[in-house]
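Take a look at the structure set out below.
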Amino acid sequence: MDSLIQRLGEIRYEPEEIASFKEAILVGARYDGEKMVAALKFYDPEKEEIYLWRDHTGHLPYCFTRLSPDELRLNSNVIEHKGFEELESVTKFNALKDEKEEYTKIIAKDPLSIGGKSNSIREYLEETWESRIRYHESYLYDAQLIPGLPYSLEKGEHRKIIEEFSAEAQKRIEGLFNDETEEMQEYALEWTELLQQQIPNYRRASLDIEVYSPIVNRVPDPQEAPYPVICVSIVDTEGEKRVLLLRREGIERGDESILGELIPEYYDTEEELIFETLRALSDYPFILTFNGDQFDLKYLFNRAIRLGFPREKIPLTIGRDSVTLTYGLHIDLYRFFFNRSIQVYAFSQKYRELTLDAVSEALLNLGKIPIEKPFSELNYTELADYCLRDSELTLSLSSMSNNLLMRLITLIARIARIPFEDVVREGVSRWIRSLMYYEHRRRGWIIPRSEDLSEYKGVTATEAIIKGKKYKGAIVIEPTPGVHFGVYVLDFASLYPSIIKQYNLSYETILCPHTECRQNKIPGTPHWVCTRHRGLSSLVIGSLRDLRVKWYKKRARDKKLSSEQREFFNVVQLTLKVFLNASYGVFGAEHFPFYCPSVAESTAALGRYAINETTKQAEKLGIKVIYGDTDSIFLDKPTEDQIENLLEWSKDQLGMELEVDKQYRYAAFSTRKKNYFGVFPDGSVDIKGLTGKKRNTPVFLKKAFYDVIDVLSEVENQGDFKRAKEKVKNVVHECYTTLKKREFSLEDLSINIMLGKPLKAYVKTTPQHVKAALLLAEDGQEVKPGDIISFVKTNDGLGVKPVKLARAQDVDVEKYTDYVKSTFEQIFDTLDIEFGEITGITKLEDFLL
DNA sequence: GCGGACTGCTTACCT
DNA sequence: ACAGGTAAGCAGTCCGCG
C-alpha cells in the first residue's frame, strides 16, 4: 500500500497551466481556493488535452449595497471582516425603476467572505445585491467569457476566436430580420455567430464499476463504501475497451470467448485496482458515467479513502451532490437525461424510465445484459461482460446521432453561458437565469432581488381553474363530439415566446413606472406594458424564437444542404426549442430569480385572447371550430380560401404567425377534452390522451386497443364505418371473453404505475400502487421513487398484489372488465353518432350482447 | 352499519 | 425545482337512513 501511495504522485492531478495555445474550447470554470482566483478549463481538440488558466487580472468577488461608503465604514463587521478588500462607488441602472442609482460595491478577497458562511459580509447587511451569485459564474459574466466557444491564448491572455461566417449567410439572416428593430437585428446576428461555431470532437471515456454485495438486491451505500470494488470497465472514443477485475477466492473464469478480443486485467488487491482506475480517469479530458455523481465516482472516492489513500492525492473532488475530476470534466449522463426539458423536448419522450437500461433500450435499441444470478455468484467473464456493456451503453448514448448529446451540451453552454458540468447538473431555469445574469452585467444593470420584483410585480388578477394554482392558464375549447372528416389543425408557432416578443413582456416592462404606459393594457387583465423601452426578455426570447422559426428550422429541412449540415441545424433548433419552451414557465416559477407572476399571467391571458379571437374570426368566415387547446384550433372542412384568409387575418390583426400544423382524414372526439384520435391521409394515427395509450394500461388491454385503432385507421369514409364496427366488435369481444376465461397471463394483466415519492411520504392516502410497493418492500425488495410498480388487481387482502407475488387465481376479473369498458368507451363515445344510429348501442355491456 | 355523494390525492397525459 | 388544464381511479369523509 505504501508504494501505491507513493505512486499516486505519478497520476496527473491537474491540467497543465500553459502560456499559449492556438485554439481550445472553454469548457469549465471554478474557484481555486488555494490560489484564490478563478480557474478556467480549456479543451484543445487537436491535442485532446485540458489546459488550466488562472486569472491574473485581479478580479475579485463582490456584492452591492445602497449604503454609502461613509455609512458602510461605520459597520465594523464589514470593514474589519478578514476577507474585506475595499469599497467602490458605482452607478448601476435599475430597470424596475427605469433610472440610474448609486450603489457601493463591496469587494472581498474570497467568495466565502461575501456569502456562504454565517459570518460572511452579506449577513451583516440588511440589503445586498448580487451576493448570491456563485463566483465562477460572476467571473465568467464580468469577463464576458462564453463556455462552449473557442479561444486562443497568447502570453497568458485569452481571446475569443470567432470564425467568420459567410457574407451571404449574414445577409440572409439580416434579411429575415428586416422588419425588426435594430436592437433585435443585433441580437439575432450575435446569436447566430455564437451558434454556428464548429463543435469539436471530444475525446472521452465512460466508466462503470461493480461492487460486491453480500445481500441480493441491495446496492451498497456509496457514502460508507463498505464492500470492495470488484470490477471496473472503461470504454473510450478511440475504441479502447478495458475491464479491470479483482481476484477473489472461489470465482471461476468462465468462457472468456464471449468477450471477443478483450482481455480482462486481473488485480490481486483492490488497492491496485483502484489505483489503476484513478490513473485511467486522469488520462481523459471527459469522463462519462451514468449516475456517477451519486454512485460510481462517489463510491470510488470513499472506497479509496477507506483503503487509506490520502484525500489530497485522489484526483476527484467530492461535492454535496456531485463528484468532479481534478483534471478533466465529469459528465453524468443520468443527470442530463433526468432533466425534464431534455427528456421531453430534445428526445421527445422516447424514454420514460430513468435507468440506463430503459434509456439505452429506447434510444439505442440495446439494453443492459440480463443477469439471472446474484452478483456475487457471477464468474469473472459474466461480471466483466455485464460491466463492460454498461460502459459501452453510456459511451454510445453520448455518440449516437452524430454526437447529438455532446453537441446539445455545447450549445446549451453557449446560450446559457455556463460551464459544461453545470449544463449537465442544472435544470432549464438555471440556464435561463444564467443567461439573464450575463445580460444584466453586460448592460450595467443591477440584478434585482426577488423582493424588489415581488414588491411591484407580484400581483396576479386572474383566478386559476385548478385549486392551488396562482393564475389562470390556457383554454381548451369544448370538443364537438363525433367523427369529423376533413379536419385541419392550425396552430401558432411557439405561441408563448411569440407573445413575449410581440407584446414586449419582461419583468421590467410589465407594470412599468411610466404613467403614459398605463393605457397599454393586456386584454383580460388589469396589467399594462411599457411603451418606452424594449423589454430584455422580450428581446432575448424574441430573437431566439425568430431564429428558430425563420432560420434553423427551415435550414434543417432544406434539401439543398448535405444531410450533415441539416443535422447540425436540427441540433441547434432543438436546443433553441428547449429554451423557448421554458421561457414562459420560468416567470411563473417561484424559485426563479426573475419570478414575475404578472408576466406569466399576462402571457397566458394573451394566449387565451389569441385563440378566442381566432375562433371568432373563423366563425365569421363560416368555418366550424370543433376543438382547440392552448395554441391550436381544429377546423371542420375549411376551404383553401378560408384557411388562407384566417392566416392572413392573424398576421395582420394579432401580429402572430398562424400555421397549418396538420390535416386529418378524419378526427374523432368524445365530450372529453385532451382526448381524441385523428387519422392522417396515409392511414397513420394520432392518439391523444386515450387510456389505451397510457403507459400504465395493462398489455392485454393495450393490444386490444391498438387492434381497434388499426381497424379504424382503415376507415376512409362514412360508409366504411359499418364494416369497421363489426371488426371492432370482434376485437373487443375476443378481449372480453379471454379475460372472463382467465386466459391472460399475469404479465398481460399487470398495471404499471410509477412511484412518485418514497413510500413513507404517502401520508394522506395509500394508492394501489403504493399498497403493492409496500408488499414488495415487505418481501425484502428495494423500492424507490422512479420505480415502476407492476401489480394486478386481486379479490383478496388489499385488492392488489405485485405481479411477482401474485398467482393467477388471485385475479379479480370483475375489476378488469370495468377497465375494458372504460377504455373502449372513450372510443365508442366518439363513434356514437354512427354506431348509435344503426344499433342503438352506446355502452359496452349492451354492445357485447 | 352501510352506501352514495362528495372532496382530495395521485398519476399520466396535453399544450 | 418552467407553467396550468384535464381525465381517471381510488382513498377517505360526511351524511342520511325512523
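Quick caveat: nothing in here was measured; it's all calculated off a predicted structure. Sequence lines set the chain letters: A, B, ... in the order given, protein chains first and strands last, and positions in each chain run from 1.
With a 4.5 Å cut-off on side-chain heavy atoms, A/Leu580 and A/Arg548 count as touching. For the pair A/Glu439 and A/Val540, the minimum side-chain heavy-atom distance is below 4.5 Å. Considering only heavy atoms from C-beta on, A/Ser602 comes within 4.5 Å of A/Ile510 through its side chain. With a 4.5 Å cut-off on side-chain heavy atoms, A/Ser670 and A/Pro481 do not count as touching.
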Could you go through the side chain to side chain donor-acceptor pair (under 3.5 Å) check for A/Ser506 and A/Glu508 one step at a time? CA-CA 5 Å; A/Ser506 197; A/Glu508 79 280 18; 2.7 Å; yes
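At distances below 3.5 Å, not a single donor-acceptor pair connects side-chain atoms of A/Arg430 with backbone N or O atoms of A/Glu426. A/Asn612 contributes a side-chain N or O that, together with a main-chain N or O of A/Arg608, makes up a donor-acceptor pair within less than 3.5 Å. In this structure, A/Asp686 contributes its side chain and A/Gly678 its backbone to no donor-acceptor pair below 3.5 Å. A/Thr697 places no side-chain N or O within 3.5 Å of a backbone atom of A/Gly692 that could act as its donor or acceptor partner.
Taking A/Lys784 as the reference, A/Glu782, A/Asp787 meet the side chain to side chain contact (heavy atoms under 4.5 Å, CB included) condition, with sequence neighbours excluded. Remark: A/Lys804 pairs with no residue by the salt bridge (Lys or Arg N to Asp or Glu O under 4.0 Å) rule, at least two apart or across chains. In terms of the side chain to side chain contact (heavy atoms under 4.5 Å, CB included) criterion, residue partners of A/Pro523 (sequence neighbours excluded) are, by chain and number, A/Leu606, A/Tyr609.
Across all strands, A/Tyr819 comes closer than 4.0 Å to no nucleic acid atom at all (heavy-atom distances). Residue contacts for A/Tyr345: at a heavy-atom cut-off of 4.0 Å it reaches a base atom on one of the strands shown. Within 4.0 Å (heavy atoms only), A/Thr766 reaches sugar-phosphate atoms of the nucleic acid but no base atom. Counting any heavy atom pair closer than 4.0 Å across all strands shown, A/Arg352 reaches sugar-phosphate atoms only and no base atom. Nucleic acid contact class of A/Ile611 (heavy atoms, under 4.0 Å, all strands): none. Contact annotation for A/Gly585: base contact, defined as any heavy-atom pair under 4.0 Å involving a base atom. A/Ile466 comes within 4.0 angstrom of a base, heavy atoms only. Within 4.0 Å (heavy atoms only), A/Phe587 reaches no atom of the nucleic acid at all.
Nearest-nucleotide assignment on DNA chain C puts the 5′-proximal partner with A/Ala474, out of A/Lys815 and A/Ala474. The residue among A/Lys467 and A/Met754 whose nearest nucleotide of DNA chain B lies closer to the 5′ end is A/Lys467.
Looking only at atom types and distance, the side chain of A/Gln826 has a donor-acceptor partner in the side chain of A/Thr691 under 3.5 Å away. Between the side chains of A/Ser790 and A/Asn752, at least one donor-acceptor pair of N or O atoms lies under 3.5 Å. Side-chain contact check for A/Gln768 and A/Lys793: at least one donor-acceptor pair (N or O, by modelled atom type) lies under 3.5 Å. Looking at A/Thr460 and A/Glu601, their side chains never bring a donor and an acceptor atom within 3.5 Å of each other. Using modelled atom types and a 3.5 Å distance limit, the side chains of A/Gln294 and A/Asn291 yield no donor-acceptor pair.
Listed in residue order, the members of residues 487-508 of chain A having a heavy atom less than 4.0 Å from DNA chain C come to none. Residues from residues 629-636 of chain A that place a heavy atom under 4.0 Å from any atom of DNA chain B, listed by number: A/Asp629, A/Thr630, A/Asp631. For the contact set between residues 689-699 of chain A and DNA chain B, defined by any heavy atom under 4.0 Å, the members are A/Gly689, A/Lys693, A/Lys694, A/Arg695, A/Asn696. Within residues 424-439 of chain A, the residues approached by DNA chain C to less than 4.0 Å at the level of any non-hydrogen atom are A/Gly427, A/Ser429, in residue-number order. The stretch residues 588-597 of chain A comes close to DNA chain C through A/Gly588, A/Ala589, A/His591, each having a heavy atom under 4.0 Å from the strand.
Direction change of the helix axis from one end of the helix from B/dG1-C/dC17 to B/dT15-C/dA3 to the other is 20°, with five pairs defining each end axis (rounded to 10°).
Between A/Phe290 and the choices A/Phe336, A/Tyr334, A/Phe338, the ring-ring contact (aromatic ring centres under 6.0 Å, His included) rule is met once, by A/Tyr334. For the ring-ring contact (aromatic ring centres under 6.0 Å, His included) with A/Tyr627, the qualifying choice from A/Tyr664, A/Tyr676, A/Tyr488 is A/Tyr676, the only one to do so. With A/Phe700 as reference, A/Phe744 is the one residue of A/Phe744, A/Tyr819, A/Tyr706 to meet the ring-ring contact (aromatic ring centres under 6.0 Å, His included) rule.
The span of DNA chain C lying next to chain A, judged by atoms under 4.0 Å from heavy atoms, is bounded 5' to 3' by C/dA1 to C/dG12. Scanning DNA chain B 5' to 3' for nucleotides with an atom closer than 4.0 angstrom to a non-hydrogen atom of chain A gives a first and last hit of B/dG8 to B/dT15.
Salt-bridge formation is not detected for the pair A/Lys815/A/Asp818: no Lys NZ or Arg NE/NH1/NH2 atom is positioned less than 4.0 Å from an Asp or Glu carboxylate oxygen.
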Would you be so kind as to tabulate the donor-acceptor pairs closer than 3.5 Å made by side chains of residues 584-591 of chain A, with sequence neighbours excluded?
{"residue": "A/Tyr584", "atom": "OH", "partner": "A/Tyr471", "partner atom": "OH", "Å": "3.0"}
{"residue": "A/Glu590", "atom": "OE2", "partner": "A/Lys470", "partner atom": "NZ", "Å": "3.0"}

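Taking the six-membered ring for Trp and the full ring otherwise, the centers of A/Tyr503 and A/His527 sit at least 6.0 Å from each other.
Taking the ring axis of A/Phe705 as reference, the NZ or CZ atom of A/Lys693 does not stay both within 45° of it and closer than 6.0 Å to the ring centre.
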